[in-house]
Amino acid sequence: MAILQKHGKNSCPDLASIKENPADNIGQAGSQKKWAESSQNWTRPVLRIWTVVLLLGTCLLYCARVAMPICAVSMAERFSWSKRETGMVLGSFFWGYCFTQVLGGYVSDRVGGEKVMLLSAAAWGAMTAFTPILAHFCSQPIVSMTVSRFLMGLLQGVHYPSLASLCSQKVVESERGFLMSTVGSGSYLGTLVIGGIGSLMLDLYGWESVFYISGLLSVLWAYSMWKYLLKGEGPIITLESLGSAGTQSKLSKRNWLRLFRQPAVCAVIITHLCNASTFFTLLSWLPTFFKDTFPDAKGWVFNVIPWFVAIPSSLFSGYLSDHLISQGMKPYMLHKHTHRFFFKDLSFVFTLFLCGTTTFPTAVAFVSAIMGLTTFNHCGVSVNVQDLAPSCAGALFGVMNTCGAFTGVIMVYFSGYLIEATGSWASVFGLITVLNLLGLGTFLCFAEARRVDIDLAKGRYHNIHI
(Lines give C-alpha, C1' and ligand atoms only; values in the text may rest on other atoms or scores of the structure.)
Protein backbone atom coordinates (compact mmCIF):
# COMPACT_ATOMS: atom_id res chain seq x y z
CA MET A 1 0.00 0.00 0.00
CA ALA A 2 1.61 3.26 -1.07
CA ILE A 3 1.07 6.44 0.88
CA LEU A 4 0.57 9.60 -1.15
CA GLN A 5 0.11 13.13 0.09
CA LYS A 6 -2.98 15.01 -0.99
CA HIS A 7 -1.23 18.39 -0.87
CA GLY A 8 2.30 19.39 -1.79
CA LYS A 9 4.85 19.52 0.94
CA ASN A 10 5.28 23.27 0.88
CA SER A 11 1.56 23.99 0.79
CA CYS A 12 1.00 22.79 4.33
CA PRO A 13 1.48 25.33 7.15
CA ASP A 14 3.55 24.23 10.11
CA LEU A 15 2.38 23.88 13.67
CA ALA A 16 3.12 27.47 14.54
CA SER A 17 1.54 29.13 11.53
CA ILE A 18 -1.59 27.00 11.54
CA LYS A 19 -2.51 28.44 14.91
CA GLU A 20 -1.96 31.98 13.73
CA ASN A 21 -4.12 31.73 10.58
CA PRO A 22 -7.82 30.97 10.50
CA ALA A 23 -8.91 27.82 8.78
CA ASP A 24 -10.58 29.79 5.99
CA ASN A 25 -7.31 31.49 5.04
CA ILE A 26 -5.15 28.37 5.04
CA GLY A 27 -5.30 27.91 1.27
CA GLN A 28 -4.20 31.48 0.50
CA ALA A 29 -1.45 31.48 3.15
CA GLY A 30 -0.26 28.11 1.96
CA SER A 31 0.04 29.25 -1.66
CA GLN A 32 1.93 32.39 -0.61
CA LYS A 33 4.28 30.34 1.54
CA LYS A 34 4.87 27.92 -1.31
CA TRP A 35 5.84 30.76 -3.64
CA ALA A 36 8.16 32.30 -1.01
CA GLU A 37 9.92 29.03 -0.30
CA SER A 38 10.33 28.13 -3.96
CA SER A 39 11.87 31.57 -4.64
CA GLN A 40 14.55 30.85 -2.03
CA ASN A 41 15.64 27.56 -3.58
CA TRP A 42 18.97 27.40 -5.36
CA THR A 43 18.89 27.40 -9.13
CA ARG A 44 20.38 24.32 -10.76
CA PRO A 45 23.75 25.94 -11.64
CA VAL A 46 24.10 27.27 -8.07
CA LEU A 47 23.06 23.87 -6.72
CA ARG A 48 25.82 22.18 -8.71
CA ILE A 49 28.44 24.55 -7.32
CA TRP A 50 27.27 24.06 -3.73
CA THR A 51 27.12 20.29 -4.21
CA VAL A 52 30.80 20.21 -5.21
CA VAL A 53 31.79 22.55 -2.38
CA LEU A 54 29.85 20.60 0.25
CA LEU A 55 31.23 17.32 -1.11
CA LEU A 56 34.77 18.64 -0.71
CA GLY A 57 33.97 19.97 2.77
CA THR A 58 32.59 16.63 3.92
CA CYS A 59 35.63 14.93 2.42
CA LEU A 60 37.96 17.14 4.47
CA LEU A 61 35.75 16.67 7.53
CA TYR A 62 36.43 12.95 7.41
CA CYS A 63 40.10 13.42 6.55
CA ALA A 64 40.45 15.29 9.83
CA ARG A 65 38.21 12.88 11.72
CA VAL A 66 39.85 9.67 10.52
CA ALA A 67 43.39 10.99 10.98
CA MET A 68 43.36 9.72 14.57
CA PRO A 69 42.15 6.15 13.81
CA ILE A 70 44.72 5.94 10.99
CA CYS A 71 47.51 7.04 13.32
CA ALA A 72 46.19 5.28 16.44
CA VAL A 73 48.49 2.25 16.14
CA SER A 74 51.63 4.37 15.70
CA MET A 75 50.62 6.76 18.47
CA ALA A 76 49.83 3.85 20.80
CA GLU A 77 53.33 2.47 20.22
CA ARG A 78 54.91 5.90 20.64
CA PHE A 79 53.10 6.74 23.88
CA SER A 80 52.63 3.16 25.23
CA TRP A 81 48.82 3.12 25.18
CA SER A 82 46.83 -0.04 25.85
CA LYS A 83 43.81 -1.07 23.78
CA ARG A 84 41.53 0.35 26.45
CA GLU A 85 43.38 3.68 26.50
CA THR A 86 43.31 3.80 22.70
CA GLY A 87 39.56 3.18 22.83
CA MET A 88 39.20 6.01 25.34
CA VAL A 89 41.00 8.45 23.01
CA LEU A 90 38.99 7.34 19.98
CA GLY A 91 35.70 7.36 21.88
CA SER A 92 36.21 10.83 23.40
CA PHE A 93 35.46 12.32 19.97
CA PHE A 94 31.88 11.09 20.19
CA TRP A 95 31.35 12.57 23.65
CA GLY A 96 31.98 16.00 22.18
CA TYR A 97 30.02 15.08 19.07
CA CYS A 98 26.93 14.52 21.23
CA PHE A 99 26.73 18.00 22.72
CA THR A 100 26.56 20.27 19.66
CA GLN A 101 24.20 18.35 17.39
CA VAL A 102 20.91 19.92 18.48
CA LEU A 103 22.49 23.34 19.03
CA GLY A 104 24.04 23.25 15.56
CA GLY A 105 20.71 22.35 13.97
CA TYR A 106 18.83 24.98 15.99
CA VAL A 107 21.21 27.78 15.02
CA SER A 108 21.33 26.62 11.39
CA ASP A 109 17.53 26.69 11.12
CA ARG A 110 17.65 30.37 12.05
CA VAL A 111 20.82 31.90 10.61
CA GLY A 112 21.60 29.50 7.77
CA GLY A 113 23.54 26.25 7.71
CA GLU A 114 26.33 27.67 5.54
CA LYS A 115 27.38 30.13 8.26
CA VAL A 116 27.49 27.50 10.98
CA MET A 117 29.37 25.11 8.71
CA LEU A 118 31.97 27.75 7.85
CA LEU A 119 32.72 28.74 11.44
CA SER A 120 33.03 25.15 12.61
CA ALA A 121 35.27 24.11 9.68
CA ALA A 122 37.76 26.86 10.42
CA ALA A 123 37.87 25.81 14.07
CA TRP A 124 38.18 22.01 13.67
CA GLY A 125 40.69 22.46 10.86
CA ALA A 126 42.93 24.51 13.14
CA MET A 127 42.44 21.99 15.97
CA THR A 128 43.54 19.14 13.70
CA ALA A 129 46.71 20.97 12.66
CA PHE A 130 47.63 21.62 16.31
CA THR A 131 47.07 18.01 17.46
CA PRO A 132 50.74 16.84 17.12
CA ILE A 133 51.92 19.92 19.04
CA LEU A 134 49.54 19.10 21.89
CA ALA A 135 50.71 15.49 21.94
CA HIS A 136 54.42 16.30 22.15
CA PHE A 137 54.38 19.28 24.50
CA CYS A 138 52.00 17.84 27.11
CA SER A 139 53.44 15.73 29.92
CA GLN A 140 50.43 13.39 29.71
CA PRO A 141 49.71 12.73 26.01
CA ILE A 142 46.75 10.49 26.85
CA VAL A 143 45.07 13.47 28.55
CA SER A 144 45.85 16.02 25.84
CA MET A 145 44.72 13.68 23.05
CA THR A 146 41.51 12.80 24.87
CA VAL A 147 40.70 16.49 25.37
CA SER A 148 41.62 17.41 21.79
CA ARG A 149 39.42 14.65 20.38
CA PHE A 150 36.58 15.81 22.63
CA LEU A 151 36.94 19.35 21.25
CA MET A 152 37.08 17.96 17.71
CA GLY A 153 33.77 16.24 18.36
CA LEU A 154 32.26 19.48 19.64
CA LEU A 155 33.34 21.39 16.54
CA GLN A 156 32.42 18.74 13.97
CA GLY A 157 29.08 17.95 15.61
CA VAL A 158 27.33 20.84 13.85
CA HIS A 159 28.28 19.80 10.30
CA TYR A 160 25.53 17.33 9.41
CA PRO A 161 22.67 19.16 11.20
CA SER A 162 23.66 22.37 9.39
CA LEU A 163 23.82 20.40 6.13
CA ALA A 164 20.31 18.99 6.71
CA SER A 165 18.98 22.46 7.54
CA LEU A 166 20.64 24.01 4.48
CA CYS A 167 19.27 21.27 2.22
CA SER A 168 15.70 21.62 3.54
CA GLN A 169 15.80 25.41 3.02
CA LYS A 170 17.54 25.67 -0.36
CA VAL A 171 16.93 22.43 -2.29
CA VAL A 172 13.68 21.23 -3.84
CA GLU A 173 12.45 17.82 -2.71
CA SER A 174 13.07 16.07 -6.03
CA GLU A 175 16.80 16.89 -5.87
CA ARG A 176 17.54 16.32 -2.17
CA GLY A 177 18.27 12.63 -2.49
CA PHE A 178 21.09 13.11 -4.99
CA LEU A 179 22.56 16.07 -3.09
CA MET A 180 22.56 14.25 0.26
CA SER A 181 23.98 11.04 -1.21
CA THR A 182 26.62 12.94 -3.20
CA VAL A 183 27.66 15.04 -0.23
CA GLY A 184 27.41 11.93 1.97
CA SER A 185 29.83 10.16 -0.35
CA GLY A 186 32.35 12.76 0.78
CA SER A 187 32.68 10.79 4.01
CA TYR A 188 33.84 7.77 2.03
CA LEU A 189 36.00 9.89 -0.26
CA GLY A 190 37.64 11.52 2.74
CA THR A 191 38.26 8.18 4.39
CA LEU A 192 39.62 6.90 1.07
CA VAL A 193 41.99 9.85 0.67
CA ILE A 194 43.26 9.83 4.23
CA GLY A 195 43.46 6.03 4.16
CA GLY A 196 45.57 6.00 0.99
CA ILE A 197 47.64 9.17 1.08
CA GLY A 198 47.59 9.28 4.88
CA SER A 199 48.97 5.75 5.15
CA LEU A 200 51.81 6.63 2.77
CA MET A 201 52.56 9.84 4.69
CA LEU A 202 52.47 7.85 7.92
CA ASP A 203 55.13 5.46 6.63
CA LEU A 204 57.29 8.14 4.98
CA TYR A 205 57.03 11.20 7.21
CA GLY A 206 55.49 10.05 10.49
CA TRP A 207 52.05 10.35 12.01
CA GLU A 208 52.38 14.09 12.65
CA SER A 209 52.28 14.88 8.93
CA VAL A 210 48.79 13.37 8.59
CA PHE A 211 47.37 15.88 11.07
CA TYR A 212 49.26 18.86 9.64
CA ILE A 213 48.13 18.34 6.04
CA SER A 214 44.47 17.47 6.75
CA GLY A 215 44.12 20.39 9.17
CA LEU A 216 45.65 23.02 6.89
CA LEU A 217 43.59 21.88 3.88
CA SER A 218 40.41 22.17 5.96
CA VAL A 219 41.25 25.74 6.95
CA LEU A 220 41.94 26.54 3.29
CA TRP A 221 38.53 25.13 2.30
CA ALA A 222 36.77 27.28 4.91
CA TYR A 223 38.59 30.40 3.67
CA SER A 224 37.71 29.64 0.04
CA MET A 225 34.05 29.12 0.89
CA TRP A 226 33.98 32.44 2.76
CA LYS A 227 35.82 34.30 0.01
CA TYR A 228 34.08 33.02 -3.13
CA LEU A 229 30.63 31.70 -2.14
CA LEU A 230 29.74 34.03 0.73
CA LYS A 231 31.61 36.89 -1.01
CA GLY A 232 33.57 37.74 2.11
CA GLU A 233 30.40 38.56 4.06
CA GLY A 234 29.78 37.03 7.48
CA PRO A 235 29.38 34.62 8.96
CA ILE A 236 27.72 36.97 11.43
CA ILE A 237 25.50 35.30 14.01
CA THR A 238 23.67 37.81 16.23
CA LEU A 239 21.22 37.41 19.07
CA GLU A 240 18.53 38.93 16.85
CA SER A 241 19.11 36.31 14.15
CA LEU A 242 18.97 33.52 16.72
CA GLY A 243 15.71 34.86 18.10
CA SER A 244 14.03 35.14 14.72
CA ALA A 245 12.69 32.13 12.89
CA GLY A 246 13.74 33.29 9.42
CA THR A 247 12.30 30.97 6.80
CA GLN A 248 11.83 28.22 9.34
CA SER A 249 9.16 28.02 12.01
CA LYS A 250 9.63 27.89 15.73
CA LEU A 251 8.02 24.98 17.49
CA SER A 252 6.85 25.25 21.07
CA LYS A 253 7.76 22.70 23.74
CA ARG A 254 4.31 21.16 23.42
CA ASN A 255 4.73 20.73 19.69
CA TRP A 256 8.20 19.23 20.09
CA LEU A 257 6.79 16.67 22.53
CA ARG A 258 3.95 16.02 20.11
CA LEU A 259 6.48 15.54 17.32
CA PHE A 260 8.45 12.95 19.30
CA ARG A 261 5.27 10.99 19.95
CA GLN A 262 4.96 10.29 16.24
CA PRO A 263 6.00 6.65 15.53
CA ALA A 264 7.68 7.66 12.27
CA VAL A 265 9.91 10.18 14.07
CA CYS A 266 10.87 7.67 16.75
CA ALA A 267 11.59 5.08 14.06
CA VAL A 268 13.93 7.33 12.10
CA ILE A 269 15.79 8.29 15.31
CA ILE A 270 16.24 4.67 16.42
CA THR A 271 17.32 3.58 12.94
CA HIS A 272 19.86 6.38 12.66
CA LEU A 273 21.09 5.59 16.18
CA CYS A 274 21.83 1.99 15.21
CA ASN A 275 23.36 2.82 11.82
CA ALA A 276 25.53 5.70 13.03
CA SER A 277 26.87 3.98 16.14
CA THR A 278 27.93 0.87 14.25
CA PHE A 279 29.42 2.92 11.40
CA PHE A 280 31.47 4.94 13.90
CA THR A 281 32.67 1.73 15.52
CA LEU A 282 33.82 0.28 12.20
CA LEU A 283 35.41 3.58 11.24
CA SER A 284 37.40 3.71 14.49
CA TRP A 285 38.48 0.08 14.80
CA LEU A 286 38.86 -1.36 11.27
CA PRO A 287 42.48 -0.13 10.84
CA THR A 288 43.40 -1.81 14.14
CA PHE A 289 41.50 -4.97 13.13
CA PHE A 290 43.53 -5.35 9.95
CA LYS A 291 46.82 -4.55 11.70
CA ASP A 292 46.16 -7.13 14.43
CA THR A 293 44.74 -9.86 12.20
CA PHE A 294 46.99 -9.36 9.16
CA PRO A 295 50.17 -7.66 10.43
CA ASP A 296 51.97 -7.95 7.08
CA ALA A 297 49.15 -6.29 5.10
CA LYS A 298 49.73 -2.92 3.48
CA GLY A 299 47.81 -0.11 5.14
CA TRP A 300 46.96 1.63 1.90
CA VAL A 301 45.09 -1.49 0.71
CA PHE A 302 42.61 -1.94 3.56
CA ASN A 303 42.33 1.82 4.13
CA VAL A 304 41.46 2.50 0.47
CA ILE A 305 39.54 -0.31 -1.25
CA PRO A 306 36.40 -0.40 1.01
CA TRP A 307 35.87 3.36 0.67
CA PHE A 308 36.61 3.27 -3.06
CA VAL A 309 33.68 0.84 -3.43
CA ALA A 310 31.42 3.00 -1.24
CA ILE A 311 31.67 6.14 -3.40
CA PRO A 312 29.93 4.87 -6.59
CA SER A 313 27.46 2.96 -4.43
CA SER A 314 26.47 6.17 -2.63
CA LEU A 315 26.11 8.11 -5.89
CA PHE A 316 23.96 5.35 -7.39
CA SER A 317 21.68 5.35 -4.35
CA GLY A 318 21.12 9.11 -4.72
CA TYR A 319 20.31 8.77 -8.41
CA LEU A 320 17.90 5.93 -7.65
CA SER A 321 16.26 7.96 -4.89
CA ASP A 322 15.56 11.01 -7.05
CA HIS A 323 14.37 8.81 -9.92
CA LEU A 324 11.83 7.11 -7.65
CA ILE A 325 10.63 10.48 -6.34
CA SER A 326 10.22 11.77 -9.91
CA GLN A 327 7.95 8.74 -10.47
CA GLY A 328 5.82 9.79 -7.49
CA MET A 329 7.29 7.32 -5.01
CA LYS A 330 9.30 7.63 -1.80
CA PRO A 331 12.46 5.53 -1.99
CA TYR A 332 12.28 4.52 1.66
CA MET A 333 8.67 3.28 1.58
CA LEU A 334 9.07 -0.38 2.36
CA HIS A 335 5.90 -1.48 0.54
CA LYS A 336 7.25 -0.62 -2.90
CA HIS A 337 10.99 -0.92 -2.51
CA THR A 338 11.90 -3.88 -0.35
CA HIS A 339 15.02 -4.45 -2.47
CA ARG A 340 16.86 -1.59 -0.75
CA PHE A 341 16.29 -3.06 2.67
CA PHE A 342 17.32 -6.42 1.29
CA PHE A 343 20.67 -4.88 0.34
CA LYS A 344 21.08 -3.44 3.81
CA ASP A 345 20.24 -6.80 5.34
CA LEU A 346 22.93 -8.42 3.20
CA SER A 347 25.46 -6.01 4.68
CA PHE A 348 24.76 -7.53 8.09
CA VAL A 349 25.46 -10.97 6.65
CA PHE A 350 28.87 -9.77 5.46
CA THR A 351 29.54 -8.42 8.96
CA LEU A 352 28.90 -11.89 10.33
CA PHE A 353 31.22 -13.37 7.69
CA LEU A 354 34.03 -11.21 9.09
CA CYS A 355 33.87 -13.21 12.31
CA GLY A 356 35.28 -16.30 10.64
CA THR A 357 37.43 -14.88 7.86
CA THR A 358 41.02 -16.14 7.71
CA THR A 359 42.50 -14.52 4.59
CA PHE A 360 43.30 -10.88 3.91
CA PRO A 361 41.63 -10.64 0.44
CA THR A 362 38.41 -12.14 1.85
CA ALA A 363 38.36 -9.69 4.75
CA VAL A 364 38.87 -6.72 2.42
CA ALA A 365 36.08 -8.00 0.13
CA PHE A 366 33.63 -8.39 3.04
CA VAL A 367 34.42 -4.94 4.47
CA SER A 368 34.04 -3.41 0.98
CA ALA A 369 30.62 -5.06 0.60
CA ILE A 370 29.53 -3.75 4.01
CA MET A 371 30.56 -0.18 3.25
CA GLY A 372 29.07 -0.25 -0.25
CA LEU A 373 25.67 -1.59 0.81
CA THR A 374 25.25 0.70 3.82
CA THR A 375 25.59 3.83 1.68
CA PHE A 376 21.91 3.53 0.78
CA ASN A 377 21.23 5.06 4.18
CA HIS A 378 22.06 8.54 2.80
CA CYS A 379 19.01 8.68 0.52
CA GLY A 380 16.74 6.91 3.04
CA VAL A 381 16.98 7.85 6.70
CA SER A 382 18.97 11.06 6.17
CA VAL A 383 16.44 12.44 3.68
CA ASN A 384 13.42 11.03 5.50
CA VAL A 385 13.90 13.46 8.38
CA GLN A 386 13.63 16.41 5.96
CA ASP A 387 10.29 15.08 4.68
CA LEU A 388 8.91 14.34 8.14
CA ALA A 389 9.70 17.78 9.61
CA PRO A 390 11.05 20.33 7.11
CA SER A 391 10.28 23.23 9.45
CA CYS A 392 12.85 21.98 11.97
CA ALA A 393 14.95 19.54 9.95
CA GLY A 394 18.27 20.79 11.30
CA ALA A 395 17.31 20.50 14.95
CA LEU A 396 15.63 17.12 14.48
CA PHE A 397 18.65 15.79 12.59
CA GLY A 398 20.72 17.06 15.52
CA VAL A 399 18.63 14.96 17.88
CA MET A 400 19.19 11.93 15.64
CA ASN A 401 22.93 12.45 15.45
CA THR A 402 23.14 13.06 19.20
CA CYS A 403 21.62 9.64 19.83
CA GLY A 404 23.95 8.06 17.26
CA ALA A 405 27.02 9.79 18.69
CA PHE A 406 26.12 8.83 22.27
CA THR A 407 25.85 5.16 21.39
CA GLY A 408 28.99 5.59 19.28
CA VAL A 409 30.88 6.60 22.44
CA ILE A 410 29.70 3.49 24.23
CA MET A 411 30.29 1.21 21.25
CA VAL A 412 33.84 2.42 20.51
CA TYR A 413 34.95 2.14 24.12
CA PHE A 414 33.09 -1.12 24.76
CA SER A 415 34.59 -2.63 21.61
CA GLY A 416 38.07 -2.02 23.00
CA TYR A 417 37.01 -3.71 26.22
CA LEU A 418 35.58 -6.71 24.34
CA ILE A 419 38.75 -7.15 22.31
CA GLU A 420 40.92 -7.17 25.44
CA ALA A 421 38.52 -9.39 27.41
CA THR A 422 37.84 -12.00 24.72
CA GLY A 423 40.93 -11.70 22.54
CA SER A 424 38.65 -11.98 19.50
CA TRP A 425 37.07 -9.58 17.03
CA ALA A 426 34.07 -11.87 16.50
CA SER A 427 32.28 -10.45 19.56
CA VAL A 428 32.54 -6.92 18.16
CA PHE A 429 31.22 -7.87 14.73
CA GLY A 430 28.40 -9.88 16.29
CA LEU A 431 27.31 -6.87 18.39
CA ILE A 432 27.38 -4.63 15.30
CA THR A 433 25.14 -7.10 13.44
CA VAL A 434 22.57 -7.20 16.24
CA LEU A 435 22.33 -3.41 16.44
CA ASN A 436 21.91 -3.01 12.69
CA LEU A 437 19.19 -5.65 12.57
CA LEU A 438 17.38 -3.78 15.34
CA GLY A 439 17.49 -0.57 13.30
CA LEU A 440 16.35 -2.35 10.15
CA GLY A 441 13.37 -3.96 11.87
CA THR A 442 12.29 -0.67 13.45
CA PHE A 443 12.44 1.21 10.15
CA LEU A 444 10.57 -1.52 8.28
CA CYS A 445 7.74 -1.52 10.82
CA PHE A 446 7.22 2.20 11.52
CA ALA A 447 8.79 4.34 8.75
CA GLU A 448 6.46 6.73 6.91
CA ALA A 449 6.74 9.37 4.19
CA ARG A 450 4.12 11.88 5.29
CA ARG A 451 4.90 15.21 6.91
CA VAL A 452 4.25 15.18 10.66
CA ASP A 453 5.15 18.72 11.75
CA ILE A 454 1.73 20.01 10.66
CA ASP A 455 -1.54 20.03 12.57
CA LEU A 456 -2.87 16.58 11.83
CA ALA A 457 -6.25 17.53 13.29
CA LYS A 458 -7.02 19.68 10.25
CA GLY A 459 -9.13 17.50 8.06
CA ARG A 460 -8.10 19.09 4.78
CA TYR A 461 -4.44 18.16 5.35
CA HIS A 462 -4.69 14.45 5.59
CA ASN A 463 -3.08 11.52 3.84
CA ILE A 464 -4.83 9.38 1.28
CA HIS A 465 -4.28 5.63 1.53
CA ILE A 466 -4.55 3.90 -1.81
Side-chain angles (χ1 to χ4, degrees), residues 9-10 14 36-62 100-124 155-187 218 221-222 224-226 228-231 233-237 241-242 244-250 272 318 321-322 378-379 381-401 453:
K9 174 175 182 175
N10 293 330
D14 53 46
E37 289 184 353
S38 63
S39 65
Q40 295 172 357
N41 291 331
W42 286 328
T43 61
R44 185 153 294 181
V46 173
L47 176 62
R48 291 194 186 104
I49 295 174
W50 273 99
T51 300
V52 174
V53 171
L54 294 175
L55 169 64
L56 182 58
T58 305
C59 172
L60 291 170
L61 177 91
Y62 267 76
T100 51
Q101 295 286 328
V102 178
L103 176 62
Y106 175 88
V107 176
S108 297
D109 286 340
R110 281 149 180 78
V111 304
E114 67 278 8
K115 294 183 179 181
V116 177
M117 200 178 301
L118 172 58
L119 284 175
S120 65
W124 55 255
L155 296 171
Q156 289 197 353
V158 303
H159 181 84
Y160 280 104
S162 62
L163 176 62
S165 177
L166 184 64
C167 182
S168 67
Q169 295 176 24
K170 300 293 187 180
V171 184
V172 296
E173 181 183 359
S174 61
E175 296 178 339
R176 289 176 185 168
F178 183 75
L179 182 139
M180 289 298 290
S181 63
T182 302
V183 175
S185 68
S187 62
S218 301
W221 175 83
S224 300
M225 177 181 172
W226 170 75
Y228 298 106
L229 285 185
L230 299 183
K231 307 300 182 182
E233 299 178 0
I236 299 174
I237 300 177
S241 63
L242 290 176
S244 63
T247 59
Q248 300 290 78
S249 65
K250 294 185 289 185
H272 186 78
S321 171
D322 287 348
H378 288 301
C379 63
V381 177
S382 298
V383 178
N384 191 199
V385 67
Q386 299 172 31
D387 291 323
L388 290 173
S391 65
C392 54
L396 184 56
F397 194 92
V399 173
M400 288 169 47
N401 249 10
D453 63 340

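Every value quoted in this text rests on a predicted model; they were computed, and no experiment measured them.
Taking all atoms of both residues into account, the shortest heavy-atom contact from Ser108 to Ser162 is OG-CB, 3.1 Å. Annotation for Thr100 and Gly157: closest pair OG1-CA, 3.4 Å, computed over non-hydrogen atoms. Across all their heavy atoms, Pro161 and Gly104 have their closest contact at CB-C, 4.3 Å.
Screening Leu230, Leu54, Leu229 for a side-chain contact (heavy atoms from CB on, under 4.5 Å) with Glu114, the sole residue that qualifies is Leu230.
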side-chain contact (heavy atoms from CB on, under 4.5 Å) between Leu166 and Trp42: does it pass, once the steps are laid out? CA-CA 11 Å; Leu166 184 64; Trp42 286 328; 3.7 Å; yes

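Note that CZ of Arg110 is 9.0 Å distant from OG of Ser165, once rounded to the nearest 0.5 Å. The structure places NE2 of His159 at 10.5 Å from CG of Asn401, a figure rounded to the nearest 0.5 Å. Here the OG1 atom belonging to Thr58 is positioned 9.0 Å from the CE atom belonging to Met180, to the nearest 0.5 angstrom.
Between Val111 and Val116 there is a side-chain heavy-atom pair separated by less than 4.5 Å. You'll find the side chain of Phe397 stays beyond 4.5 Å of the side chain of Cys167, heavy atoms only. Residues Ser185 and Leu55 meet the side-chain proximity criterion, which asks for heavy atoms closer than 4.5 Å. Side-chain contact between Gln169 and Asp109: present, with at least one pair of heavy atoms (C-beta onward) separated by less than 4.5 Å.
Shown here are the side-chain contact (heavy atoms from CB on, under 4.5 Å) partners of Leu155, two or more places apart in sequence or in another chain: Ala123, Trp124, Met127.
Judged by distance alone, the side chain of Thr51 and the main-chain N or O of Leu47 form a donor-acceptor pair under 3.5 Å. Judged by distance alone, with hydrogens and angles left aside, the side-chain atoms of Gln101 form no donor-acceptor pair with the main-chain N or O of Val399 at under 3.5 Å.
Tyr160 and Tyr62 have perpendicular rings, their planes meeting at more than 60° on a 0 to 90° scale where under 30° would count as parallel.
Residue pairs meeting the salt bridge (Lys or Arg N to Asp or Glu O under 4.0 Å) criterion with at least one partner in residues 45-56, sequence neighbours excluded, are absent.
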